[in-house]
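The next block holds one structure in the form of structure tokens; read it before the comments.
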Amino acid sequence: MGRDVHYILNLIKNHQFCRKAIQQIHAQLVFITAENTSSPASAIPILLTLWNSLIRHYSLGIYPQESFLLFKHLKFQYGRIVFFDSFTYSFLIKGSANLGEFRVGKQVHCLSLKDGFESHVYVQTALVNMYGECGVLGEAKKVFDEMPVRNWVTWNALISSFVKWGDVSVARGLFDLMPEKNVVSWTGIIDGYTRMGRFDEALSLFKEMVVVEGIKPSEVTLLAIFPAIWNVRCLECCRMIHGYGEKSGINAFDIRVVNSLVDAYAKCGSMEDGVRAFEDISDERRNLVSWTSVISGYAMHGMAKEAFDSYKMMMDEGIEPNRITFLSMLNACSHGGLVDEGLEFLRKMVDEFGIQPDIKHYGCLIDMLGREGRLEEAEKIALEIPNTMSNVVIWRTLLGACSFHDNADMGERVMQKIMEMENKYGGDYVLLSNILAGMGRYVDSEGVRRVMDEQNAIKAPGISFT
DNA sequence: TTCTACCAGA
């Protein structure tokens, strides 16, 4: 037993996470070991429970590998006298799922079969989930098919696996086959449709779930349905969800739902409702995401002053902005024509908050400078973006600005740059040829068109969802 | 003490 304690002590030393829990378990282990030095075998049932807890903590941590190491060690030491139970295997399988590595999970799977868990619902369901999480859907389906007994969780685990990997039609097939569906099943399939951009189907399923089946949506259901709501700009849906959230108490206990509501109102065109929802949040619950949601709402509504005020109030409450807050502020500056303020925000972000700009910040900046016709500065920044990060979108933004402000010289330089990065996209040729034609340089314009034809670049017709 | 749904904000 002494070697055990040593081993576990080493594990604990190596990691800081779950420290308290592990220390408690460790203390108990030492205690039990001391109590039972004369007959270690009698301590095994209690020890198994503690080992299981330890394995559980490791499997949930950032280094699930440790749970396998511990298991291996215990198996090697006590394999002859200890029989691991369904808890041990559930935790180990969960650990493999968190690791995202199905080869490890496969080994645990084999061991669990050897120990006789081939028809244990919890262990087998954990396996379905593990294979599903790892994207080995064939294997997940196989385990599912061979299970003599399944429960709701088993079905839902398989459905969410197919949703996760983008196969909504198979998920839907399973959903339709399910003898009884609960809120998790409905949420899973609704989430699948939302993620695939099939918003109308997501909304009609949501309606069917609530109206026809009388199933109460959970907070997860609401979080899943929000993107569908604002993509179809359904203000009425926002109000209904808002009311339901208040009545059911979901708004009171899940700040994420209220924050999404603020965001959804803004995206559906009603900043007034968004602000009202935001102002209803108590000071203690209002967090960074709440503030960023309202700021981004103001930004998209062109209300730069309000965005600035909110930013200031947020700072006064001692909440630190992050990269998304700054992106929203840049967006507000861009829409309000406040170029210098925007540049100042970027400086603050880097110097005072130590946040390095990413490609979206740069994109916003170039868009902002480009709108105001400060093309030289925009080009200078575009050239300064590290190559590893830079993309063709940045240059297309600049090209658009060149087109808007009739700067053909820079347009040609930018075009050159775009061709270097990606010489098959027709839209840029069209844009440049339009710039040249707009300036009366028809011969050059024609030349660009010809190059375009020679390269077989085809401009995809523009599509707008709005 | 075991198995299921979440992208809160660009």
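The figures here come from the full heavy-atom set of this structure, side chains too, leaving out hydrogens, waters and symmetry mates.
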Response to the item:
Checking B:dG9, B:dA8, B:dT4 against the side chain of A:Lys94 (C-beta onward), the nearest is B:dT4
Response to the item:
The nucleotide from B:dC6, B:dT1, B:dG9 with an atom nearest the side chain of A:Asp191 is B:dC6
Discussion item. Taking the minimum atom-to-atom distance to the side chain of A:Ser293, which one of B:dT2, B:dC7, B:dG9 wins?
Written reply: B:dG9
Fill in: Closest nucleotide among B:dG9, B:dA5, B:dT2 to the A:Ser296 side chain
B:dG9
Practice prompt. Please check if the side chain of A:Tyr89 supplies one atom and the backbone of A:Asp115 the other of a donor-acceptor pair under 3.5 Å.
Written response: no
Worksheet item: Between A:Asp283 and A:Arg286, is there a salt bridge with N-O shorter than 4.0 Å?
Response: yes
Worksheet item: So, A:Trp155 and B:dT4: ring centres less than 5.5 Å apart, planes less than 30° off, yes or no?
Response: no
Worksheet, complete the sentence: Among B:dT1, B:dC7, B:dC3, the one nearest any side-chain atom of A:Ala126 is B:dC3
Discussion item. Looking at the base of B:dC6, is there any donor atom on it, or on the side chain of A:Arg256, that sits under 3.5 Å from an acceptor on the other one?
Written reply: yes
Discussion item. Nearest to the side chain of A:Arg195, heavy atoms from C-beta on, is which of B:dC7, B:dA10, B:dT4?
Written reply: B:dC7
Practice prompt. Between B:dT1, B:dT4, B:dG9, spot the one nearest the side chain of A:Phe87, thanks.
Written response: B:dT1
Worksheet item: A:Ser260 and A:Asp263: side-chain donor and acceptor closer than 3.5 Å?
Response: no
Discussion item. Of the listed nucleotides (B:dA8, B:dA5, B:dG9), which one gets closest to any side-chain atom of A:Ile255?
Written reply: B:dA8
Worksheet item: Considering only side-chain heavy atoms of A:Leu223, which listed nucleotide, B:dA8, B:dA10, B:dA5, is closest?
Response: B:dA8
Worksheet item: Base, sugar-phosphate, or nothing for A:Asn182, non-hydrogen atoms under 4.0 angstrom?
Response: nothing
Item to complete: With heavy atoms under 4.0 Å as the rule, sort A:Leu288 into base, sugar-phosphate or nothing.
Response: base
Practice prompt. Quickly work out the A:Leu158 CG to B:dT4 P distance and round it to whole Å.
Written response: 13 Å
Worksheet item: Contact class for A:Asp254 (heavy atom, under 4.0 Å): base, sugar-phosphate, or nothing?
Response: nothing
Fill in: Listed partners of A:Lys114 passing salt bridge (charged side-chain N to carboxylate O under 4.0 Å, His left out), at least two apart
none
Response to the item:
Taking B:dT4, B:dC3, B:dA8 as options, the one with an atom nearest any side-chain atom of A:Ala157 is B:dT4
Worksheet item: Looking only at side chains, do A:Ser169 and A:Asp167 share a donor and an acceptor under 3.5 Å apart?
Response: yes
Worksheet item: Reckon A:Asn287 touches a base, only the sugar-phosphate, or nothing at all at heavy-atom distances under 4.0 Å?
Response: base
